[in-house]
Protein chains: 2
Amino acid sequence: MSSPPSSTPPRGTSARRATIIDVAARAGVSRQTVTRAVNDMPGISAATRERVLRAAQELNYRPSRFGRGLVEQGPTTLGVVIKDLSNSFFAELGAALVRSSAPHGWNVVLAEIDHAPEPERVAVELSRRVDAIVGYGVDIDDIRGAIGMPVVHLDGSARQAESAGVVQFGAAAAMDDLARHLEVSGVRRPMVLDLAMAGAAGPSIRAQGLVAALDRIRGAAAAPVVAVDARDGHRDVLEAVLADGADALIAFNDELAVRLLHGLRSLGVDVPGRVRVVGVDGLAISGLVTPELTTLAIDIAEIAEQTVALVAGMLEGAVPLHGEQALRTVPYRLLVRDSA
Amino acid sequence: MSSPPSSTPPRGTSARRATIIDVAARAGVSRQTVTRAVNDMPGISAATRERVLRAAQELNYRPSRFGRGLVEQGPTTLGVVIKDLSNSFFAELGAALVRSSAPHGWNVVLAEIDHAPEPERVAVELSRRVDAIVGYGVDIDDIRGAIGMPVVHLDGSARQAESAGVVQFGAAAAMDDLARHLEVSGVRRPMVLDLAMAGAAGPSIRAQGLVAALDRIRGAAAAPVVAVDARDGHRDVLEAVLADGADALIAFNDELAVRLLHGLRSLGVDVPGRVRVVGVDGLAISGLVTPELTTLAIDIAEIAEQTVALVAGMLEGAVPLHGEQALRTVPYRLLVRDSA
DNA sequence: CTGAAAGCGCTAACAC
DNA sequence: GTGTTAGCGCTTTCAG
């Protein structure tokens with residue numbers, strides 16, 4: 001691959017995508033006739049259609065969706081920016097957003113931050129291709145070019161509502177419920193198992209919230225936070241916290257909790273007898289493991305509904321792009337099952 | 001703006017989306033100046049920018065992504081049509097496709113068939129908005145309008161390769177391995193638990209393949225196929241098949257298998273002692289339940305890679321849109337763990 | 001710093 | 001049956 005000195009477009013396979021004009025020229029017809037052939041419209045002879053289609057094929061012609069959208073008024077497109085799609089919670093949320101968008105006739109473009117070549121550019125790029133942006137880690141300042149574009153932060157803070165829409169995940173009440181539940185269950189040394197985020201300095205917001213809530217358990221010292229790797233075996237960590245006297249493990253999310261449960265089982269540790277385990281999210285799997293997982297559950301479908309409704313309102317101009325009216329809250333609820 | 005006598009657009013909230021021209025008029029500047037303000041470009045005075053932005057805001061102006069894409073040559077957009085995103089396998093596949101597309105700089109539009117208002121129109125509609133289509137249940141004949149558009153069937157048949165690209169999931173070999181494994185384990189009465197699909201007449205293709213493979217177990221009669229509901233408790237079904245003497249349950253997929261495991265546990269039935277359980281897919285959860293699930297696993301990331309590579313080849317014109325060269329196969333592999 | 005002109009690729013409406 | 005005309009909304013020249 002010889003790189004030309006200046007800006008000569010690559011010659012080889014993809015010189016320049018063929019347009020309707022190229023096809024028209026090659027088939028010796030007008031552009032309109034090409035349109036008719038390609039879109040299977042009436043008012044064209046079979047012979048001509050054949051000829052046009054052949055020309056199109058030879059040129060590897062594909063209609064530009066932009067030209068088409070311009071004249072046809074394409075559907076609203078929602079850009080969804082997800083941190084990490086291999087995280088079940090995010091994956092389910094993405095799916096729910098797709099589903100909630102369908103009744104509106106919207107298209108949904110899904111983009112992932114964590115595994116992107118240029119993570120910080122994902123949202124910016126996407127914002128130029130869609131009508132609204134929803135997601136995590138979207139830096140509103142980066143999108144200032146997108147004047148008037150609805151932006152909704154998922155799991156955002158009230159502060160973020162000063163500059164964009166926010167769907168808040170209300171965890172405080174449920175965390176308090178959890179602390180109370182653990183307290184009456186006799187827990188005295190709860191520990192928070194946080195997910196080790198790349199590049200994160202301290203504990204996650206969620207872990208901090210958990211610690212704060214747990215702090216209200218009488219007779220218990222401040223709950224320690226232990227960062228664990230998302231995909232690891234956790235065996236060492238488990239042995240360590242057990243040796244440290246932990247009698248309740250609050251995991252960052254259900255996925256981690258289920259892994260913990262699995263690890264404890266292979267260690268022969270009784271749950272909830274010897275140690276209790278709690279997850280966060282309320283994913284389907286949490287109800288399918290043994291013992292069934294006690295968890296702080298949030299209704300993902302509800303989040304998606306609220307989000308889409310909020311965006312729809314913004315698009316119509318019925319809801320301001322930021323401020324109080326652009327703030328929604330979906331609560332977590334304590335789901336007591338067998339593991340704690 | 002004097003509205004012409006005849007086609008007055010609706011006045012209310014959503015009259016007609018404001019264009020750059022409306023903004024220019026309102027701000028008393030040229031379109032180009034609006035572009036400069038909106039895109040945060042240099043060569044414009046702060047005062048003018050302010051004025052333009054205000055006008056834009058007042059008109060609820062958002063740039064059209066089509067007009068923009070037309071002149072800017074937007075990225076390739078891949079349309080992914082998934083049957084049911086609440087099925088973990090499909091959700092993971094969708095996520096994997098997003099991830100595999102990122103290095104190419106492609107955008108991915110995800111659409112779901114099963115919960116769409118008009119299921120049969122999903123793929124057709126989408127095909128007019130994207131550069132290539134990948135997915136399940138895409139009727140190639142419906143998309144004939146999309147001349148030259150790459151279409152790839154996921155989990156397709158060799159026959160479908162006559163008209164489109166296909167990524168085949170090769171199950172035969174793994175199913176044979178499974179049958180052999182069950183045979184030497186002493187299984188004599190395996191049963192297939194199929195997912196009851198709405199509107200499906202008989203057993204799924206997968207169930208049929210399983211039955212065919214199981215048929216080779218010496219001393220066993222043809223394996224019965226029992227259709228079960230995706231979300232149900234399965235208790236009745238479980239009791240029935242157990243009463244019927246089943247000593248191995250092959251589930252349509254891991255999700256069902258995990259539910260089965262859960263049901264069996266609450267029934268106090270020993271797995272694999274009393275009955276063995278096998279899943280299909282190889283999802284993450286299959287390794288996190290007790291006993292760990294024996295399953296026919298397929299590499300989802302590999303499927304996504306192959307699919308994206310195939311589409312890329314088609315887009316470049318390097319790979320034909322159908323035929324042998326447009327056929328790829330990703331195999332299932334028998335993953336023997338504890339449940340069978 | 002601002003504006004005018006050209007053109008991106010396509011289709012609807014109206015000729016012929 | 002086919003071609004011509006006129007945009008769709010935006011950004012990129014190039015002139016002022």
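Residue numbering restarts at 1 for every chain, and letters A, B, ... go by the order of the sequence lines.
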Can you check whether A:Q306 reaches A:T329 side chain to side chain, under 4.5 Å on heavy atoms? no
Just wondering, do B:L327 and B:Q168 contact through their side chains at under 4.5 Å, heavy atoms? yes
Roughly how many Å is it from CD in B:E50 to C1' in C:dC1, rounded to a whole number? 16 Å
Let's see if you can work this out: which of C:dA12, C:dG9, C:dC8 has an atom nearest to the side-chain heavy atoms of A:L70? C:dG9
note: B:R51, atom CZ; C:dC1, atom P; distance rounded to Å ~ 14 Å
Side chain B:R99, main chain A:E112, donor-acceptor under 3.5 Å: no
Take the protein atom CD1 of B:I21 and the nucleotide atom C1' of D:dG9, then report the distance between them rounded to whole Å. 7 Å
Choose from C:dG3, C:dA12, C:dT2 the nucleotide whose nearest atom is closest to any side-chain atom of B:T48. C:dT2
Can you find a side chain N or O atom of B:R68 that sits less than 4.0 Å from OP1 or OP2 on D:dT11? yes
Whole-Å distance, B:F66 CZ to D:dC10 P, equals 12 Å
Check whether any side-chain heavy atom of B:V151 lies under 4.5 Å from a side-chain heavy atom of B:L321, and answer yes or no. no
The residue, B:G43 or A:Y61, whose nearest nucleotide of DNA chain C is more 5′ is B:G43
Is A:S64 close enough to C:dC10 that one of its side-chain N or O atoms is under 4.0 Å from OP1 or OP2 there? no
Distance check: side-chain N/O of B:S30 vs OP1/OP2 of C:dG3, anything under 4.0 Å? yes
Check: D:dG3 base within 3.5 Å donor-acceptor of A:R36 side chain: yes
Indicate yes or no for a side-chain donor-acceptor contact from A:R36 to the backbone of A:M41 under 3.5 Å, with no hydrogens or angles considered. no
Length of the CZ-C1' vector between B:R65 and D:dG9, whole Å: 12 Å
Send over the distance from A:R17 CZ to C:dC10 P, rounded to a whole Å. 7 Å
To the side chain of B:I20, which of D:dG3, C:dA4, D:dG9 is closest? D:dG9
For the side chain of B:R31, starting at C-beta, report the closest nucleotide among D:dT12, D:dG7, C:dA5. C:dA5
Provide, to the nearest angstrom, the distance between the CZ atom belonging to A:R49 and the P atom belonging to D:dT2. 10 Å
A:I44, nearest nucleotide to its side chain (from D:dT12, D:dT2, C:dT11): D:dT2
Would you please confirm or rule out a distance under 4.0 Å between OP1 or OP2 of C:dC1 and any side-chain N or O of B:S45? no
If you assign each of B:Q32 and A:V29 to its closest nucleotide in DNA chain D, which residue comes earlier from the 5' end? A:V29
Take atom CE of A:M41 and atom C1' of C:dT11, then tell me their distance rounded to the nearest Å. 7 Å
